[in-house]
Structures are given as structure tokens and as C-alpha cells.
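Heads up, the thing below is written out as C-alpha cells.
In what follows, every chain begins at residue 1, and chains take the letters A, B, ... in the order their sequences are listed. Note that this is a predicted model, so its numbers are computed, not measured.
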Protein chains: 2
Amino acid sequence: MNISQAARRTGLPAKTIRYYEEIGLVAPRRDANAYRAFSESDLHKLAFLGRARALGFSIGDCRSLMALYDDKNRASADVRRIAQQHLASIEEKIVQLQSMHETLTRLVGACAGDTRPDCPILDDLAAPPGSG
Amino acid sequence: MNISQAARRTGLPAKTIRYYEEIGLVAPRRDANAYRAFSESDLHKLAFLGRARALGFSIGDCRSLMALYDDKNRASADVRRIAQQHLASIEEKIVQLQSMHETLTRLVGACAGDTRPDCPILDDLAAPPGSG
DNA sequence: CTTGACCTTCCAGTCGCTGGAATCCCCATC
DNA sequence: GATGGGGATTCCAGCGACTGGAAGGTCAAG
């Protein structure tokens, strides 16, 4: 199967698939004309990667997760640890974003958004409340 | 004032300040020895940038916001539009992260996390529920 | 034989820094 | 005047995870 078909089947851009090969996440065999030939197993790996990436796992995590998937003697604790750490970092990001969201919502709410120059958003960026 | 003092006063790493100069966000004058000499106005700009970046604005947005800040004939609507677009993108990110969080929480909760290989996390990555 | 859709590789760019090397400057001490 | 240490400077490379584009090879159809 050609790369464009593999792309269609996995939902990953062909460019991304090539990149995954380059960094050693998949290794499709090659036809005589040097075209990549994807097996069902390759597709399975790519789909695995796609789902892991969609859950926000880093490429490094994906590599570890695939290795664990392949290791039939794995301990599920190892998988769980990776997932839990990722979960924690997601929680951190959410907290940060929510804090930004809160501040921005307040500022946007305070700004008239008209043709006049007065702007609480800029005021806050120039000197946050309680600074003087 | 030297760069290290400017860094201390603004809370930005010296490297970041140099980078901001490189991309034209600040333009401290230079002493005879080529050392950057930061004025209070430079510090103010850097602090502005620091706060805007802390709210997640892109460098491009920061540039626009600073320009608006300097433009005493600005319309607050222009500022508000930038902030609102940013707010929308933050909301998008939060939604995405929350969706990841939900799935991961479920998977982590379902995984025994012991020495056995059975792992719902890997099962899900290999073939999500409802796929066959 | 040409057309056009595919495939290949390789290089550059994205974003916002960050680390490091090589060099220079300034001040204090001996 | 030499030396040492802590600044400062520039420039180049790299991060993560792709993405875009150029230059060229391949294949099936007409």
C-alpha cells in the first residue's frame, strides 16, 4: 500500500508518516521503485501513534508506549505511570489556561471596544492593578 | 542600566531580552562599549511584553498591542478584538485539553497499574472502543 | 509520447526561546 | 603589568513536531 492510501486509512498526513519513519517510529518496507509499501501492521502502528498523539502524548511517550505495547511481558504500571504523568501535565496546562482565561475575560469585559482610545486591557498590560 | 539588571527588574531572562531586541520589540541604546543601556521606558516595554506573554499572547499580538499602546489615537475596539480572538483560541485549547483529560482519566482509572501486562490504556490506543 | 498524478529526497521554516562557544570589557588585586 | 572573575557581546545550533516547497523519478492512461 502506498503512502497516500496509508495516509487516508490512518488519517495522518503523508508528510507526518514520512517523518515518523525518519525518526524510527515505523519502518515500512520499500518496493523496487523505492516507494514505501505499508503493511497492515504498519497501519496499525500508525493508527496507534495517531491516537496517542491525539491524546497529547509526546513523540517520546509514543515511542515508550509502542515499546510497551510490543512487550508482552510489560507491567501495566509502566504504561499507567506514563499516562498519569501526562495527565498531570495536562492538568497544569488547563490550570494555566484557565487563569489566562479568567484575566482576559475580565479585561475584555471591562473594555468598551469602541472608537475611543481608553482601554483597560492596555492599562493592565502597562501596569497591573496594585503596582502603584 | 545593564542587561542583567534589566532582567532582574523585569523578570525576563537576559537571553529573552536580547531576543526581543533582535526581533525589534525593544531598542535599547548602546554604550560606547556596545553594552545595552536600558532606560525606564525600555523596562516598561519589557514589563509590558512580559505580562502580555504571560497572558499567552503571541509575539505578533504583543507587537500589535504595543503599537496600539503607543498610538494615542487608537480605538479600544482594536485592542479588544485581539484579546477576544486570543480568548477564543484559549477556549479552544481548554476544550481540547479537557477532552484529553477526560479520556485519560478514564483510561488511567481502568488500568490496574500492577506487574501484569493487561492494560486498558494500550488496548484503547491499539483500537478504540467501537472499532470492531 | 505526453500528461498528470503520484512518489522520492532534501532543505528551510514555523514559534519563542535556550544553550553554548568564542571573544571582549571592566574592575580589583597582586 | 599580569591575572582573575564576572560581566557583556555575537553568532550558531537545537528544541518539538511537523509543514511547505523544490527538484526530480515513476507509473498508468490516452
In whole angstrom, give the distance that lies between atom [atom1] of [X] and atom [atom2] of [N].
| X | N | atom1 | atom2 | answer |
| --- | --- | --- | --- | --- |
| F38(A) | dC6(C) | CZ | P | 16 Å |
| R53(A) | dC18(D) | CZ | C1' | 9 Å |
| K93(A) | dG16(D) | NZ | C1' | 11 Å |
| I59(B) | dT18(C) | CD1 | P | 11 Å |
| E21(A) | dT9(C) | CD | C1' | 12 Å |
| L12(B) | dT18(C) | CG | C1' | 14 Å |
| I23(A) | dC15(D) | CD1 | P | 12 Å |

[X] side chain: which of [options] is closest?
| X | options | answer |
| --- | --- | --- |
| S58(B) | dG16(C), dT18(C), dT10(D) | dG16(C) |
| Y19(A) | dT26(D), dT19(D), dT8(C) | dT19(D) |
| R18(B) | dC18(D), dT8(C), dT9(D) | dT9(D) |

Could you go over nucleotides 21-24 of chain D and give all protein N or O partners under 3.5 Å, atom names and distances?
from: dG21(D); atom 1: O6; to: K15(A); atom 2: NZ; distance (Å): 2.2

- [ ] Inspect the contact between K72(B) and D70(B) and indicate whether a charged nitrogen and a carboxylate oxygen are less than 4.0 angstrom apart.
- [x] no
Open item on the list: At 4.0 Å (heavy atoms only), tell me whether F57(A) reaches a base, stays on the sugar-phosphate, or touches nothing.
Closed with: nothing
Open item on the list: Please tell me if R36(A) has a side-chain N or O lying less than 4.0 Å from either OP1 or OP2 of dC7(C).
Closed with: no
What's touching nucleotides 2-7 of chain D from the protein side, N or O pairs under 3.5 Å?
from: dG7(D); atom 1: N2; to: Y35(B); atom 2: OH; distance (Å): 3.1

